[in-house]
Participant: 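This structure is in structure tokens; I'll ask about it shortly.
Residue numbers begin at 1 in each chain, while the letters A, B, ... track the order of the sequences.
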Amino acid sequence: MGLTLPIVLIVYFGLILGIAIWSAFQTKTETDFIVAGRTIGPLVGGAVLAATQISAGTVVGTVGRHYLTGISWWYIWFGLWAGWLVSAFFVAPKLRRFGALTVPDYVGARFGSEKARVLAAVLIIISYTIYLVAQFQASGEIALAIFGIEPIVAMLILLSSTAIYTLLGGVRSSSYIEFLQTLIMVTGLVVAVPVLLEKAGGFSQSVTFLRSLDVRLIGWYYGPKELAAFGIAFGLSIAAAPYEMTRFYSMRDERTVRQAIMICIGFQVVIGLSVMALGMLTRVLFPNLASEDQASSIMAFEVLPPFVGALLLVAMISAIMSTVNSILLVTGASVAHDLYGRFIRPKSSQAHLVFVNRLSIVILAIIPLYFALQKLSDVQSIVVEQTKFIASFFFVPVVIGLNWRHGTAAGAIASMIGGFFACLIWELTGQHGFAQHGIDAVEVGVATSLVLFVVVSRFTKRVPAENLAVFFKKTNGEGATEER
Amino acid sequence: MSGMIIAVVSVLQLTGADVVISVAGDTATVAAAYQMRDTVDSVRVVLIRIPDQSLRVIAPSFVRPVVRRGLYEFTVASTARNTLSLRYRVSGDLRRIPVAIPSLPTMPGAGVVSIVVEGLPDSVALDDAFPRLIWQEAGRAAATLDNLPSFVRVTATSTVFSASNFTTVAALLLLVGSGLWWLRRRVLTRSRNDP
């Protein structure tokens, strides 16, 4: 790749630094830092949502999964897009109308409970810290495969560069940087497909080879039950993903949020198809890689033309950085805004809260490094597991809570705790028999969460009408409300 | 999670592979030697099957590949010191010359696979070669890789309209064009919103 990669990297990081510095001058209040002054439009918003969700799990893990198992993994995207549609119609507009700063803000206000707010903040911090492990691990894999440098060095470089732009400009800088990152990702992935296809000898030749290698590669490596479970996990979690929901708050209005979600789905259709093609075509070119997680970096380094390869490597780095950045913003805000600003020093100034937010980001970024170095599992598996937990404790309080007025604070707390532990217990016990009974931990988690939410809400104190007004436009007194 | 845990083929690994391809007219002879970390009785080997091309195993002489639609497949016993040696001849369309792939992953680490192509005409272009080959001397090009490719590809002649150049230009245009389009859109929106 010669000088091409260093030049592309220098230009890329130069652009990022420029945007971050410009954003730093625009960021003066906590609202500027956490929601970019609510100025983000549909195109940038759509790109941000896509970039946030497209992570190391996609550019490293999903490419690797297609490399190893072929086409069937692609079907889980339908679950994800269904989740986006649920979000577009039942979640995002109401959250944007509410116009808070963080997701625990919503939980606290909707259910009129500070306990529910704290619980949401703590669960978000725990689950997203696990998610960061996967992102750091992926950066280590890429660095080892491409540059031959130690994973810890790569993780520290990634962490420091992401932290700089997150700390400088908050959501404003990250939004414009993620727009740039989505452009790079889409361009790199889309251009890479015809190159690989041409190298592999064309579509027919590739399919014939893969079918002969293992017929499941172009058929059903995973059964419909497994795919449904994974798809449901992704769909449920994206419908109520705190790191995406926070981005809704930064957009101009409800209409912008809906448009942004549709644009995001458009980007993801292109990315999903490209990632599938790249994984499978890399299998044609290199049938026996030592680790499927190396498929994307080896393809970029050894198959593509230098500039396209460099672009794809930057796209991988971008995907990781954008997700790390979004997670840090969410977890940092949970600590500073929802815990510190509410309970430890409620009378803090705006400047002090922004400082605590920045400090939290630094601390929360360092913790997952240790676990990433242990390499507990492959990247995609960590992403899938974290996704299941998010869905299990958050889908019901968010999606059902926004659309069923009878949900109470006690119901929300029971649902979050019950969903989390049901998912955990099933993972540790019943999940081993998945092939026989076909019931995944996410289904158990969400079902438990839903039952607890409904049952406990029926027998506990209703939420005051003033808390519900913003979510259910018209109220008729006593907390009972109607959608207009 | 039973469905999520996927073994990577085998715990056995290739610690080295030397592949020499000699091209003469419309025939290529491939000599491949593989080193393995542990002792193994036999190894399954596959080669991609390319249309308009025929393949014959020369050594070991008793090997008769099973021919499938997309690949050739056979099992070879390993020789002493955990090595595996193969020779085969390919004739017909030589734009892609198959490389025998033992069903073992290569050991992670730089440069355990060496590929040499001999007898290449001077007119051959290496810009779009797969894997990336570098001229060593007249008619001889080589590549050092971490993993075994399923074939070696060289294109007939050098041209500015190569796939490599075309995709590079396409990527640049896409990036710059979409960036400019967005900037123009942003400026227009701002001027429309200005009082």
Participant: Under 3.5 Å, is there a donor-acceptor pair between the B/S22 and B/E118 side chains?
Facilitator: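 Note: B/S22 and B/E118 side chains meet the donor-acceptor criterion.
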Participant: Given a strict heavy-atom distance threshold of 4.5 Å, which part of A/L213 is in contact with chain B: side chain, backbone, both, or neither?
Facilitator: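 Both backbone and side chain.
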Participant: Side chain, backbone, both or neither: which part of B/R49 has a non-hydrogen atom closer than 4.5 Å to chain A?
Facilitator: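 B/R49 touches chain A through backbone heavy atoms alone.
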Participant: Give, as side chain, backbone, both or neither, the part of A/L183 having an atom under 4.5 angstrom from any heavy atom of chain B.
Facilitator: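 Both parts, backbone and side chain.
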Participant: We want to know whether B/S54 and B/S91 form a side-chain donor-acceptor pair, criterion being a heavy-atom distance below 3.5 angstrom.
Facilitator: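 B/S91 and B/S54 do have a side-chain donor-acceptor pair below 3.5 Å.
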Participant: In terms of heavy-atom pairs under 4.5 Å, which option from B/V99, B/D128, B/L14 contacts chain A the most?
Facilitator: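 Answer, by heavy-atom pair count under 4.5 Å with chain A: B/D128.
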Participant: Report the residue from A/L313, A/L196, A/L311 that forms a side-chain contact (heavy atoms from CB on, under 4.5 Å) with A/L304.
Facilitator: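 Of A/L313, A/L196, A/L311, side-chain contact (heavy atoms from CB on, under 4.5 Å) with A/L304 is met by A/L196 alone.
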Participant: Side chain from CB out, backbone as N, CA, C, O: work out which of these in A/E198 comes under 4.5 Å of a heavy atom of chain B, or both, or neither.
Facilitator: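 Looking at A/E198, backbone and side chain both touch chain B.
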Participant: Is it the side chain or the backbone of B/L71 that comes within 4.5 Å of chain A heavy atoms, both, or neither?
Facilitator: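 For B/L71, the contact with chain A is made by backbone and side chain together.
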Participant: Atom CD1 of residue position B/I134 - does it have more than 12 heavy atoms of other residues, nucleotides or ligands inside 6.0 Å?
Facilitator: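 Open.
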Participant: Contact part of A/L210 toward chain B, heavy-atom cut-off under 4.5 Å: side chain, backbone, both or neither?
Facilitator: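 No part of A/L210 comes within 4.5 Å of chain B.
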Participant: Checking B/R44 against B/E73 for the salt bridge (Lys or Arg N to Asp or Glu O under 4.0 Å) test, could you report, in this order, the C-alpha distance in whole Å, the side-chain angles of both residues, the deciding distance, and whether it holds?
Facilitator: CA-CA 7 Å; B/R44 176 179 171 252; B/E73 183 181 4; 2.5 Å; yes
Participant: Can you say whether the rings of A/Y222 and A/W73 are parallel (under 30°), tilted (30 to 60°) or perpendicular (over 60°)?
Facilitator: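 Judged by the thresholds at 30° and 60°, the geometry between A/Y222 and A/W73 is tilted.
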Participant: Fit a plane to each ring of A/Y176 and A/W22, take the angle between them on a 0 to 90° scale, and name the class: parallel (under 30°), tilted (30 to 60°) or perpendicular (over 60°).
Facilitator: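 Plane angle over 60°, so perpendicular.
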Participant: Heavy-atom pairs under 4.5 Å with chain A - which of B/T168, B/L174, B/V46 has more of them than the others?
Facilitator: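 Most heavy-atom pairs within the cutoff with chain A belong to B/T168.
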Participant: Is B/A129 in contact with chain A via its backbone, its side chain, both, or neither, using a 4.5 Å heavy-atom distance?
Facilitator: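 For B/A129, the backbone is the part near chain A, not the side chain.
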Participant: Quick one: what part of B/P51 sits under 4.5 Å from any heavy atom of chain A, side chain, backbone, both or neither?
Facilitator: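 For B/P51, heavy atoms of backbone and side chain both lie under 4.5 Å from chain A.
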